[in-house]
Amino acid sequence: MKWNNRWLSRLLPFFGDNMANNVVLEKDYANFARSLFILLLVLVLTPLTIISGLSHYQYKQLLQKEELTQLMLNIEQAESTIERFVSKLQSVVRFVGSADRYEELLNPDKLKALFTRLQEEYPDFADIEIIDSQGKQKSYIGPYKLVGYDHTEQQWYQEVLNRGVYISHVFSGYRQVPHFVIAVSRKHLDREGSWVLRVTIDGKILQRYVDTISTTSVADIYMVDADNVAQTQPRKFGKLGQKIRLHVPEKVNYDSSTILPIALSFFDFKHLEKVNYDLSNDFSEHEGIAQKDAKISVLKTEQGTDVLYVDVALKNTPWHLVMVKELYIHGNAWFFFQLRLFFILFSCIIIAVLVILKISTGITAYIREGDRKREHFLAEAESASKLASIGQLAAGVAHEINNPLSIINQKAGLVEDYFEMTGPFQYKKEMQGALDGIQESVLRCKTITHRLLGFARHTDVQTEEIEINVLLKEVVAFLAKEATYNQISIDFDLDDTVQNIFSDRSQLQQVFLNIVNNAVDAIGKNGRILLSSSKIDQDTIKIKITDTGEGMSADVQRRIFDPFFTTKETGKGTGLGLSISYGILKKLGGTIKVQSEIGKGTTFVITLPVTHD
Ligand code: ADP
């Protein structure tokens, strides 16, 4: 068989040319079934896997986006609350340090009265001081005696002069209490230079604000300065006044197995590809974040869990607000989605494998059956054409031999006539015997040529009504003597209801006689022959002739209908019996089949139509 599509033939290797070799052929069928199975499996599983992978990826994106959006909203709220609060503090300090109040504030009593009022509103204000244009402290209300302290060398002092306002990061200083400073500078109205109002505020005020916005939905929320030093007390990731351990590093070594069940890590494209990814771009459309200096990342904590980390710079302050949230990816929704997806995928694969297995074995069986039928028809056609050509040859030979045979017969008859007319002479009797021998042989030759001619032309069919059971008994009667002699019992299992058929009596006799004869030969001595008749349907009957003879090999079975095929010794068999029977049955609209096993026996199954044109 040739496959035109080369690629397909490569995918589905078909059968070799050795169709006659059953072992090779079976191997070819098995190969074909296997290749078909693999091909179909790949065709089905590829889209299935791609779809599952995509939905896994999409759902994960969706979850991440959702939780990021949530986090963004949280942090925006928190950020604006703190920014508003810090700006309010600044306004208060600005208001207290109005430009025209310098002289008034130098007065300790007035400053004290003002500070007391301030503390009533903001108990976390720790101290207040006024610094003149030379950087010297002029007036101070608070727990420490710092009058006369020179600030000129300090960085904050330069900064407040330059920018008008200054907010420090949280530090402990010699107070040993975390605090921060807000300072404003004002130009003297009547002379050169600027004076400065500096307020120290307890760091707890920030802590309280952060605490109020902290929710259980986030793992941690805290403030840091530009060096990542905690300005408020983080819940999990560090200590107030110390550098926070959790930060955006250059690169993180990522171990996917800590996040997902190993079986599904295969689909975890994003995690495997981009380990520590910056999500800021994904959220650039998020208005609040776009305008701010925000960093959004997925980080790995020391405990090995993944967290979403958002860091927003707070406007006009030295601080950043940081919110940390455990990745939703660890949550139940994600876990169950993966579990469901895994089970759906797994069951689809199992079902696909079973169905494809069934399909591929089914198709292979279908092809095998088709091949078998085709082979059978080919063999039949081959033997029919062989029969036809041998028939023609035999007819030619028989025809040619018939003429000289007639002459021999005629001349022998003539010699016989002369013998009768002639009186006795020496050796007359012997010569008469020889003459009889010649005539007998001529007769035998005529029977053979007649058979050969019949084989070729199959002589005309003489249709008559036949009771098949009676016909079978008649045939057996011919051979009864020989069978009894060889201790062969011939039994019948005849169906009384079997229909009479319309066919050629003498040709059918020839067929059955030949088959029973072969059965007797195959048994030799001691055995049994069973003839049975039955009805297949309204139009067909079946005759079975079974013997307990030597049986036939598969090879012999294939050739028994070939003309001149015989396994009998020379002189005993002609090899024409079954081929003629085959031809006759075909002509009468019937069929003949053989089943045989060496050492067990043989059964010939014949079907005949009830009527035949
Ligand atoms: P012949 O009988 O002259 O050999 P046939 O055409 O009738 O020719 O038979 C062909 C061959 O088929 C036989 O030589 C024999 O080998 C085989 N054969 C036929 N019938 C039987 C049978 N009942 N049991 C075993 N072999 C058989």
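Each ligand, and each atom within it, is numbered from 1 in the order the structure gives. Please read these numbers as outputs of a predicted model, since none were measured by experiment.
Here is the list of ligand 1 atoms found below 4.0 Å of a heavy atom in Thr566: 1 (P), 4 (O), 14 (O). For ligand 1, the atoms closer than 4.0 angstrom to any heavy atom of Asn514 are 7 (O). Distances below 4.0 Å separate heavy atoms of Leu578 from the following atoms of ligand 1: 5 (P), 6 (O), 7 (O), 9 (O), 12 (O), 19 (C).
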N/O donor-acceptor pairs under 3.5 Å from side chains in residues 515-529, not counting sequence neighbours:
| from | atom 1 | to | atom 2 | distance (Å) |
| --- | --- | --- | --- | --- |
| Asn518 | OD1 | Lys568 | NZ | 2.6 |
| Asp521 | OD2 | Lys568 | NZ | 3.0 |
| Lys525 | NZ | Asn486 | OD1 | 3.2 |
| Arg528 | NE | Asp491 | OD2 | 2.5 |
| Arg528 | NH2 | Asp491 | OD2 | 3.3 |

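The shortest separation from a heavy atom of Gly549 to ligand 1 is not under 4.0 Å, leaving the residue out of contact.
Taking any N or O of Phe604, backbone or side chain, none lies under 3.5 Å from an N or O belonging to ligand 1. Considering backbone and side-chain atoms together, Asp547 places an N or O closer than 3.5 Å to an N or O of ligand 1. Taking distance alone, with nitrogen or oxygen atoms compared against 3.5 Å, Ser579 stays at or beyond that limit from ligand 1.
A salt bridge does not link Arg368 to Asp371: none of the charged nitrogens lies less than 4.0 Å from a carboxylate oxygen.
Within the cation-pi definition used here (under 6.0 Å to the ring centroid, within 45° of the axis), Lys593 does not qualify as a partner of Phe604.
If you check the side chains of Ser553 and Asp555, you find no donor sitting under 3.5 Å from an acceptor. For the residue pair Ser533/Asp495, the side-chain donor-acceptor check at 3.5 Å is not satisfied.
Looking at atom 8 (O) of ligand 1, its nearest protein heavy atom turns out to be Gly575 CA, 3.3 Å. The closest protein non-hydrogen atom to atom 10 (C) of ligand 1 is Phe565 O, 3.3 Å. The protein heavy-atom contact nearest to atom 22 (C) of ligand 1 is Ala522 CB, 3.7 Å. Looking from atom 16 (O) of ligand 1 to the surrounding protein, the closest heavy atom is Thr567 OG1, 2.3 Å. The single protein non-hydrogen atom nearest to atom 12 (O) of ligand 1 is Ile560 CG2, 3.2 Å, given as residue, atom name and distance. The closest protein non-hydrogen atom to atom 26 (N) of ligand 1 is Met552 CG, 3.5 Å. When only non-hydrogen protein atoms are considered, atom 2 (O) of ligand 1 lies nearest to Lys568 NZ, 2.6 Å.
Sorted by first then second residue, the ring-ring contact (aromatic ring centres under 6.0 Å, His included) pairs that include residues 405-431, not counting sequence neighbours, are Phe419-Phe425.
A side-chain contact (heavy atoms from CB on, under 4.5 Å) with Leu588 is found for exactly one of Ile606, Val511, Asp504, namely Asp504. Of the residues listed (Thr567, Ile598, Ile560), the one engaging Met552 in a side-chain contact (heavy atoms from CB on, under 4.5 Å) is Ile560, and it is the only one.
Comparing Val516, Asn517, Asn518, Val556 by heavy-atom distance to atom 21 (C) of ligand 1, the nearest is Asn518.
Here the straight-line distance linking atom NZ of Lys587 with atom OG of Ser503 works out to 9.5 Å at 0.5 Å rounding.
Side chain of Thr591 to main chain of Leu585: no donor-acceptor pair is present (N/O by atom type, distance under 3.5 Å, no hydrogens or angles).
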